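Atom set for the values below is all heavy atoms of this structure, side chains included, hydrogens, waters and symmetry mates excluded. Computed from a predicted structure; not experimentally measured.
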Amino acid sequence: MDVDVSSVSSLQSLAKLLSDARGDDDDDDFGPCCSVSAMTPGNIGPVKKESAGTSQLKPEHNKTIWSTEEVPEGSEFDDTWDPREQPEYEILFKQQVGTEDVFFGMSRKDPSTACCEDMVVKIKLPETKFSDITLDIQDKVLDLRTPQKKLLLHLPCPVDSKKGKARFLSEEELLEVTLRMRREFDFINFA
């Protein structure tokens with residue numbers, strides 16, 4: 001019989017790991033302990049000793065469950081129990097071009113979205129008045145609320161929330177929101 005040395009050492013390591021899972025209380029009155037139920041991810045590796053003197057958290061000053069950096073932007077608007085339906089919308093990209101771009105090819109612009117400066121979000125709002133619209137724009141989130149509709153839109157790229165424009169076309173029942181995009185490498189595309 002040909003036995004591989006690595007498999008023997010693997011079996012020995014596995015047997016040691018499973019026997020260590022039983023712990024220090026070797027009460028053999030009930031027979032062998034079920035090692036699967038006693039095994040947890042914390043049992044893998046060397047035994048860690050806890051120090052009673054050091055504590056990572058300061059419970060007297062910090063009563064928050066998580067820090068604000070761990071919560072994604074716009075999650076405060078998520079409301080899964082809101083019965084309002086989501087309106088139809090589309091996201092378009094817009095770039096400013098001139099004669100030097102179209103005819104002479106003097107700039108580095110091309111028709112791709114990487115060369116677009118603005119993002120246009122068109123939202124269909126039938127049977128809605130302009131005064132009923134509540135719009136909140138953050139760097140990565142667009143939140144729109146009306147009495148009948150609700151839209152929480154996570155934007156595909158960050159925008160400058162201070163430089164946005166919105167207009168409501170009442171005859172088409174359409175809200176058009178134009179947002180200036182703020183991407184990491186825009187200084188290369190628009191140099």
Check step by step if side chain to side chain contact (heavy atoms under 4.5 Å, CB included) holds for K94 and C116.
-> CA-CA 5 Å; K94 181 170 90 173; C116 293; 6.0 Å; no
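- In this view, E88 and K124 satisfy the salt bridge (Lys or Arg N to Asp or Glu O under 4.0 Å) rule, not counting sequence neighbours.
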Where do V177 and K165 land on the side chain to side chain contact (heavy atoms under 4.5 Å, CB included) test, with the steps shown first?
-> CA-CA 6 Å; V177 182; K165 294 183 269 183; over 6 Å; no
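- When every heavy atom of V159 is checked against every heavy atom of L179, the shortest pair comes out as CG1-CB, 3.9 Å.
- Distance CG/L135 to CZ/F168: 12.0 Å, rounded to 0.5 Å.
- Under the rule for a side-chain hydrogen bond (donor to acceptor under 3.5 Å, both in side chains), E90 has no partner lying at least two apart in sequence or in another chain.
- Between D139 and R182 there is a salt bridge, since a side-chain N of the basic residue sits under 4.0 Å from a carboxylate O of the acidic one.
- Hydrophobic cluster membership differs between M181 and V120, with clusters built from Ile, Leu, Val, Met, Phe, Trp and Tyr side chains linked at under 4.5 angstrom.
- Remark: L144 CG to D136 CG distance equals 10.5 Å, nearest 0.5 Å.
- Scanning all heavy atoms of the two residues, the minimum distance from L153 to Y89 falls at CD1-OH, 3.3 Å.
- Counting only heavy atoms from C-beta outward, the side chains of V141 and L155 never approach each other to under 4.5 Å.
- To the nearest 0.5 Å, the span separating CZ on F130 from CG on L125 amounts to 11.5 Å.
- Taking hydrophobic clusters as Ile, Leu, Val, Met, Phe, Trp and Tyr residues chained together by side-chain heavy-atom distances below 4.5 Å, I137 does not share a cluster with L174.
- The main-chain N or O of T146 is found under 3.5 Å from a side-chain atom of R84 such that the two form a donor-acceptor pair.
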Given side chain to side chain contact (heavy atoms under 4.5 Å, CB included), test T128 with Q148 step by step and report yes or no.
-> CA-CA 8 Å; T128 304; Q148 298 87 16; 4.0 Å; yes
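- Within the model, atoms OG of S170 and NZ of K129 stand 12.5 Å from one another, a figure rounded to the nearest 0.5 Å.
- Scored by the side-chain contact (heavy atoms from CB on, under 4.5 Å) test, E173 finds P126 as partners (sequence neighbours excluded).
- Separating the CD1 atom in I123 from the NZ atom in K149 is a distance of 11.5 Å, to the nearest 0.5 Å.
- Atom CZ of residue R167 and atom CD of residue E176 lie 4.5 Å apart, to the nearest 0.5 angstrom.
- Residues R180 and D160 are not paired through a salt bridge, judged by the lack of any N-O separation under 4.0 Å between the basic side chain and the carboxylate.
- Counting only heavy atoms from C-beta outward, the side chains of K150 and P87 never approach each other to under 4.5 Å.
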